[in-house]
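Reading through the structure tokens given below for one structure.
Only heavy atoms go into these numbers, but all of them, side chains included; no hydrogens, no water, no symmetry mates.
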Amino acid sequence: MTSPAARELPTPPRRGSRWSRSRLPAGEPLFVYGTLQFGPVLTELIGRVPAMEPARLIGRRAAALPGRPYPGLVTATGSVTAGYLLTGLTADDWRVLDVFEGDEYDLRPVSVQAGERVGYAWTYAWTAEVEDFEWSPAAFASEHLPRYVGKCAAWRRNLVLLSETV
């Protein structure tokens with residue numbers, strides 16, 4: 001990861017607009033904080049577990065979502081979200097993950113800490129209603145992971161059948 005001085009964050013879009021997803025950042029790091037930090041989920045979605053490095057995102061929290069087993073990343077002063085940097089993602093990996101994340105997530109550049117280094121990565125930020133409490137990776141793993149992995153496998157099969165290209 002490069003230092004912030006060596007690599008500037010992309011200019012944010014105007015308030016109320018979104019990053020264009022027509023040009024996904026292949027080869028750039030993705031900060032994951034929810035279900036994408038689980039190897040079995042990644043394996044079902046993209047067929048492998050890319051390189052993962054523990055990382056932290058300051059000023060955001062992984063909020064529980066109403067009626068959903070996965071979290072949403074939202075701005076929260078004083079909060080720190082633990083997660084991982086995924087590196088080595090191909091253009092195809094990015095396309096699959098972007099379709100999987102859907103329209104309620106907005107792809108955003110963020111500044112992350114990995115060990116003693118600080119640099120930028122992309123992440124998916126939530127754009128809808130959240131709960132007042134944090135999402136728990138441990139609770140997800142014990143209560144939802146096997147079923148969720150099965151749903152990811154079915155989703156991926158449907159994506160392949162529908163597109164015949166991904």
Between Y120 and V110, is the side-chain contact (heavy atoms from CB on, under 4.5 Å) condition met? List the steps. CA-CA 5 Å; Y120 96 95; V110 290; over 6 Å; no

Does L159 form a side-chain contact (heavy atoms from CB on, under 4.5 Å) with V96? I'd like the steps, not just the answer. CA-CA 9 Å; L159 180 64; V96 170; 4.2 Å; yes

Chi angles and distances behind the side-chain contact (heavy atoms from CB on, under 4.5 Å) call for R117, E53: CA-CA 12 Å; R117 298 168 304 159; E53 180 179 10; 2.2 Å; yes

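Partners of A82 according to the side chain to side chain contact (heavy atoms under 4.5 Å, CB included) rule, which considers only residues two or more places apart in sequence or in another chain, do not exist here. In this structure, R56 has no salt bridge (Lys or Arg N to Asp or Glu O under 4.0 Å) partners at least two apart in sequence or on a different chain. With sequence neighbours left out, T43 forms a side chain to side chain contact (heavy atoms under 4.5 Å, CB included) with V49. Applying the ring pair (Phe, Tyr, Trp, His ring centres under 6.0 Å) test to F100 and every residue at least two apart in sequence or in another chain returns W155. Judged as a side-chain hydrogen bond (donor to acceptor under 3.5 Å, both in side chains), and not counting sequence neighbours, T87 has no contacts.
The two residues A63 and V130 have their closest heavy-atom pair at CB-CB, 3.7 Å. Taking each heavy atom of A141 and P146 in turn, the nearest pair found is O-CD, 4.2 Å. In this structure, P71 and G34 approach most closely via the heavy-atom pair CG-CA, 3.5 Å.
We find the CG-CG distance between L36 and L45 to be 6.5 Å, quoted to the nearest 0.5 Å. To the nearest 0.5 angstrom, L89 atom CG is 11.0 Å from D92 atom CG. Atom CD1 of I58 sits about 10.5 Å away from atom OG of S79, to the nearest 0.5 Å. Taken from CG in L30 to CG in L85, the straight-line distance is 8.5 Å, to the nearest 0.5 Å. Atom OG1 of T123 sits about 8.0 Å away from atom CG of L107, to the nearest 0.5 Å. Distance CD/E101 to CH2/W126: 9.0 Å, rounded to 0.5 Å.
Looking at heavy atoms from C-beta onward, L86 lies in side-chain contact with L42 at the 4.5 angstrom threshold.
Side-chain atoms of E28 and W122 form a donor-acceptor pair, as typed in the model, at a separation below 3.5 Å. Counting only N and O atoms by type, the side chains of Y105 and D98 include no donor and acceptor under 3.5 Å apart.
Residue pairs meeting the ring pair (Phe, Tyr, Trp, His ring centres under 6.0 Å) criterion with at least one partner in residues 33-52, sequence neighbours excluded, are F38-F140. Listed by first and then second residue, the side chain to side chain donor-acceptor pair (under 3.5 Å) pairs that reach into residues 69-78 are R68-Y70, sequence neighbours excluded. Sorted by first then second residue, the salt bridge (charged side-chain N to carboxylate O under 4.0 Å, His left out) pairs that include residues 29-49, not counting sequence neighbours, are R48-D93. Residue pairs satisfying the salt bridge (charged side-chain N to carboxylate O under 4.0 Å, His left out) criterion with at least one member in residues 137-147, sequence neighbours excluded, are absent. Residue pairs meeting the side chain to side chain donor-acceptor pair (under 3.5 Å) criterion with at least one partner in residues 129-142, sequence neighbours excluded, are R61-E134.
For the side-chain contact (heavy atoms from CB on, under 4.5 Å) with R60, the qualifying choice from V112, L73, V74 is L73, the only one to do so.
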